[in-house]
Structures are given as C-alpha cells and as structure tokens.
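See structure below.
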Protein chains: 2
Amino acid sequence: MLDDLDRRLLEILVKDARTSLKELAAQVGLSSPSVSERLRRLEERGVIRAFTVEIDPLALGYTLQAIVRIRPLPGKLHIVQKLIEEIPEFGECDKVTGDDCFVARLFVRSIGDLDGILDRIADKAETSTAIIKAQPIRRRPPPLDATASRGAKILQAS
Amino acid sequence: MLDDLDRRLLEILVKDARTSLKELAAQVGLSSPSVSERLRRLEERGVIRAFTVEIDPLALGYTLQAIVRIRPLPGKLHIVQKLIEEIPEFGECDKVTGDDCFVARLFVRSIGDLDGILDRIADKAETSTAIIKAQPIRRRPPPLDATASRGAKILQAS
DNA sequence: GGCGCCGGTCGAGATCGTCAAGCATTTTAC
DNA sequence: GTAAAATGCTTGACGATCTCGACCGGCGCC
C-alpha cells in the first residue's frame, strides 16, 4: 500500500511539513511533479490526515495539563460525550474498554479552571484526574517502516 | 505575548500547515514578508514547536490503539521510563500525579503485538491497559483566543 | 524635538510549483 | 504472444511564490 518512497516522504514531512517539493524531491531522488502527485494521493487516500502545526500550550497560557478518566452515570453516556466534545479545553478524548469509558486530555490555565470544567461534568459522570507533571514522550507517530517491534505473534497457545 | 494576528496565523496553519505565505498574508491583511517574519519569530520563541503531518496509523498497519497506565515497581522508575521511550510504538507518554506514574498511548498492529510489548515491561512495572474503541476527539489544540471557558476562578473559599 | 528601534511595505531577482507533452515499463485483454 | 491501455516517471516552460534589500512611519525615550 505504501512504498518505501512514500514512507521516506512522510518521515521528512513529520519533521517539517513545510519542506518544499523540490527539497523533498531531492531527498528521495524524484522530480518535484512526482512528489507532488504522491503527496496528493497520500492525502486523497487519507494516509495524510492533515498538515498541521504543533503549538506550545504554554505559549497560549495553558500552564496545566491533566489526564481525566471519565465514567458517565447510567444513561448519560451520550450527553457526557457531547459535553466533552463541546468543551474546547479537551484536547483529545478516547473511548476505551474497561471501567473508565473515556480518557481525555485537558488543557487549562489554572487549577481554578480545572475545577470549573470538571464541575460541568460532575453531575453526569464520575471523573478521576491526574495532573501531568512531565511529558517523557510528546506525540509522535508509530514507526513508519514495516519493521516494528518483534512482538509480532499471532494469538495462539504460548 | 501573542497578538491577534499571530493567533489568526496559527489558526490557519493548524488547519493547513502548507498554506502559502501569500495566502496567509491575504487572510490576515499583511504583506508576505511580514508574515514570514512573524512565523520565523513564532518558531524562534517556541510557540510553534513544529510543522508536522498527521498520519493515519491505520495506513501504517496499526489497527489497534491502547491507553496504558504504568506503575513502576519500587526503584524501577527510571528504567521503566527509559524503556518506554525506546519502544517506538509508544506514541505519547505523560508522567502524572496519582498512583499511576505514567499514562501512555500505544500503537500496535495486533493483539499479539500488544501482549509482546507489555511483556517487556511486565517485570518492572504493573500496567493496566484499556483498548481504544473510538476517538470522539482527535488531537486538537486548546482555544487560541484568550476567551477560554468561563471556568476562570482563582483559588479561594467557594 | 530628535533618535533609534520595531514592525511594516514595496519591488526586483531568485526560487519554486504546476502543467502539458512525451517516454518506459507493466498490466490487461484478446 | 502481442497490442492497447494504464502507471508513474522526466523534462522544460511558464506563472506563482518567496526572499532580500531599501525604505518608511509610529512610538518610546532621552
């Protein structure tokens, strides 16, 4: 589905999405129209979801981040989900298996804001919140090359 | 620190990091050299951490994502952190307050891989894993305008 | 008031992207 | 087995874009 050239292009773009076609072309050994066409198709196929910019939340005044686990009260699942989506300080939310239904990332400017936001969910869900103290790994894509971890095994008797 | 023009530039770039200077200039009502200069300074100041591309993990064969909470055994904190950092399938990791020391996102191609990777940590930490079933909110930046949620309150008797 | 800095514009030259045409290789169909 | 069609690439030319230097105006500060 993705050939080696595509992967190399992606690798370069992950580091700098504004790399010029010419530069990309030089690095992978193609002409720029070819690169242009490949990018177009990667976007078209949805492999590239977006070219975007990573902003330091601190620069916007968000001095605090938290991971919030959210367990909606019976019957409130959809309302809670909608509520979360509408609160822009939630910067990420996953619906997961297990007791916690949602795990979300929250950006806030102060502890007061944190409290204010959690209050808005409090009557519809139980939450448990963990403040982020450090970020050992900031968002990065999984390995692009097919050679991921050796873990590869099929479900079978071990 | 950031003026309105900067914020508007960021807003446009979040949606498409490859927007041309000319287009940016037109949208905010400046000349392109000015925009260029502003971007340069935003990068320099670290407001813009990177221009990057968002890749669909599925396109790379990662059919499964999980949130893993990790509690290193006594004395193993640093070893565990290093281990996590070295496993490229961890696409994000936060060090948090509370019983769980780390919360991480894991990209895998199969349940077998998931098991394989968790095994590598099993003797140094307790983990609890939640498989991601859906992503109500995919990574997005917090509000750029100063008018965040009304939550704003200072710590005080309520 | 005069000075210097900051952030802006303008215009020219250099760079880059896009388009059409054409070519080689592979696939498909008969 | 061969011919047609489809892919994916290159090249070169043209138009669009970026960058750089020169210059300008507002603002804070002696």
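Here is how names work: the chains are called A, B, and so on, in the same order as the sequence lines, proteins then strands, and each is numbered from 1.
Looking at Thr97(A), its side chain never comes within 3.5 Å of a backbone N or O of Ala130(B) through a donor-acceptor pair.
Distance check, rounded to the nearest 0.5 Å: OG1 of Thr127(A) to CG of Leu118(A) gives 5.0 Å. Taken from CG in Leu39(B) to CD in Glu44(B), the straight-line distance is 12.5 Å, to the nearest 0.5 Å.
Applying the salt bridge (charged side-chain N to carboxylate O under 4.0 Å, His left out) rule to pairs touching residues 62-79 of chain A yields Arg69(A)-Asp100(A), Arg69(A)-Asp100(B), Arg71(A)-Asp100(A), sequence neighbours excluded. For the salt bridge (charged side-chain N to carboxylate O under 4.0 Å, His left out) condition, no pair includes a residue of residues 14-30 of chain A, sequence neighbours left out.
Across its full length, the helix from dG1(C)-dC30(D) to dC30(C)-dG1(D) shows an angle of 40° between the axes of its 5 terminal pairs at either end, rounded to 10 degrees.
Grouping Ile, Leu, Val, Met, Phe, Trp and Tyr by side-chain contacts under 4.5 Å, direct or through others, puts Val103(A) with Ile67(A), Val96(A), Ile132(A), Ile67(B), Val96(B), Val103(B), Ile132(B).
Remark: Ser31(A) engages Ser34(A) in a side chain to side chain donor-acceptor pair (under 3.5 Å) (not counting sequence neighbours). Residues satisfying the salt bridge (charged side-chain N to carboxylate O under 4.0 Å, His left out) criterion with Arg105(A), sequence neighbours excluded, are Glu92(A), Glu92(B), Asp94(B). Scored by the salt bridge (charged side-chain N to carboxylate O under 4.0 Å, His left out) test, Asp3(A) finds Arg38(A) as partners (sequence neighbours excluded). Residues that satisfy the side chain to side chain donor-acceptor pair (under 3.5 Å) test with Arg138(B), not counting sequence neighbours, are absent from this structure.
For the segment residues 37-46 of chain B, residues with any heavy atom less than 4.0 angstrom from an atom of DNA chain C are, sorted by number, Arg38(B), Arg41(B).
Looking at Lys82(A) and Glu85(A), no side-chain N of the basic residue comes within less than 4.0 Å of a carboxylate O on the acidic one, giving no salt bridge.
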Write down the protein N/O and nucleotide N/O pairs, taken from nucleotides 14-17 of chain C, whose separation is under 3.5 Å; answer none if there are no such pairs.
from, atom 1, to, atom 2, distance (Å)
dC16(C), OP2, Lys22(A), NZ, 2.9
dG17(C), OP1, Leu21(A), N, 3.0
dG17(C), OP2, Leu21(A), N, 3.2
dG17(C), OP2, Lys22(A), N, 2.9

Pair up each side-chain donor or acceptor in residues 47-58 of chain A with any protein partner under 3.5 Å, not counting sequence neighbours, and list the distances.
from, atom 1, to, atom 2, distance (Å)
Arg49(A), NE, Glu54(B), OE2, 3.4
Arg49(A), NH1, Asp56(B), OD1, 3.4
Thr52(A), OG1, Val14(B), O, 2.8
Glu54(A), OE2, Arg49(B), NE, 3.4
Asp56(A), OD1, Leu58(A), N, 3.0
Asp56(A), OD1, Arg49(B), NH1, 3.4

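For DNA chain D, the contact window with chain A, defined by any atom under 4.0 Å from a protein heavy atom, covers dG8(D) to dT11(D) in 5' to 3' order.
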